[in-house]
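Start at 1 with the first residue, then count along the sequence. Predicted, not measured: the structure shown is a model, and the values here were computed from it.
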Amino acid sequence: MTIANVKGLYRRLMQDSDLRKSLNAAKDHEARMAILAEEHLDFTDGEFEDAYGNMLVEVQTAEQHEMLNQFRNWWVMLRTM
């Protein structure tokens with residue numbers, strides 16, 4: 001479980017609509033985390049926030065910033081379901 005997994009998830013979601021659909025359809029957070037573990041992309045809440053902070057520093061355009069914020073908001077929304 002690493003920060004790199006959060007970055008990997010971000011990159012995968014840009015191209016893999018099936019993974020995104022699976023995570024959206026999962027019945028709860030535990031099911032989502034099981035999907036991520038199967039994909040070798042599991043992480044903790046703390047690692048997610050650390051990775052988000054690292055990725056935020058790396059953005060170079062307003063568009064990249066907006067996409068990263070959408071990713072974080074999507075994950076936070078799923079986390080509460």
Side-chain angles (χ1 to χ4, degrees):
M1 299 186 331
T2 68
I3 292 171
N5 289 353
V6 178
K7 292 179 178 183
L9 175 61
Y10 180 70
R11 286 189 301 271
R12 283 272 307 273
L13 289 175
M14 296 297 174
Q15 301 173 349
D16 189 344
S17 63
D18 290 336
L19 177 58
R20 187 172 46 251
K21 288 175 187 175
S22 294
L23 292 169
N24 284 335
K27 67 178 181 166
D28 57 22
H29 183 67
E30 289 76 25
R32 276 184 287 285
M33 294 311 291
I35 292 167
L36 292 176
E38 288 176 17
E39 298 291 328
H40 305 287
L41 292 170
D42 49 332
F43 49 82
T44 66
D45 290 341
E47 288 168 336
F48 183 90
E49 291 302 324
D50 287 346
Y52 172 73
N54 290 343
M55 294 164 69
L56 196 56
V57 171
E58 295 170 359
V59 298
Q60 297 180 6
T61 67
E63 182 181 347
Q64 289 174 337
H65 185 263
E66 179 62 27
M67 290 174 63
L68 185 59
N69 280 333
Q70 287 177 8
F71 170 64
R72 182 178 184 275
N73 291 340
W74 169 79
W75 184 254
V76 169
M77 179 198 65
L78 285 183
R79 183 75 178 97
T80 61
M81 298 172 79

I'd like to know whether Asp50 forms a side-chain contact (heavy atoms from CB on, under 4.5 Å) with Val6, so could you lay out the CA-CA distance, the side-chain angles of the two residues, the decisive distance to 0.1 Å, and finally the verdict. CA-CA 9 Å; Asp50 287 346; Val6 178; over 6 Å; no

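- For residues 17-28, the side chain to side chain donor-acceptor pair (under 3.5 Å) pairs, not counting sequence neighbours, are Asn24-Trp74.
- Neither Met81 nor Val76 shares a network with the other; the hydrophobic side chains, linked directly or stepwise wherever heavy atoms of I, L, V, M, F, W or Y lie under 4.5 Å apart, form separate groups for each.
- Between Leu41 atom CG and Met33 atom CE the span is 9.5 Å, to the nearest 0.5 Å.
- Looking at residues two or more places apart in sequence or on another chain, you find a side chain to side chain contact (heavy atoms under 4.5 Å, CB included) between Thr61 and Glu63, Gln64.
- Taking a cutoff of 4.0 Å between a charged side-chain nitrogen and a carboxylate oxygen, Glu47 and Lys7 do not qualify as a salt bridge.
- Every residue meeting the ring pair (Phe, Tyr, Trp, His ring centres under 6.0 Å) condition with Tyr10, not counting sequence neighbours, appears here in chain and number order: Phe71.
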Any chance you could lay out the side-chain contact (heavy atoms from CB on, under 4.5 Å) test for Ile3 and Phe43, step after step, and finish with the verdict? CA-CA 7 Å; Ile3 292 171; Phe43 49 82; over 6 Å; no

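- Checking side-chain atoms of Asn5 against main-chain N and O of Asp42 turns up a donor-acceptor pair under 3.5 Å.
- Although no hydrogens or angles enter the test, the distance criterion places a donor-acceptor pair under 3.5 Å between the side chain of Asn73 and the main chain of Asn69.
- Taken from NE2 in His40 to CG in Leu9, the straight-line distance is 14.0 Å, to the nearest 0.5 Å.
- A distance-only check finds a donor-acceptor pair linking the side chain of Arg32 to the backbone of Leu78 [under 3.5 Å].
- From Leu36, atom CG reaches atom NE2 of His29 across 8.5 Å, with rounding to the nearest 0.5 Å.
- If you chain together hydrophobic residues whose side chains sit under 4.5 Å apart, Val57 and Met67 never meet in one group.
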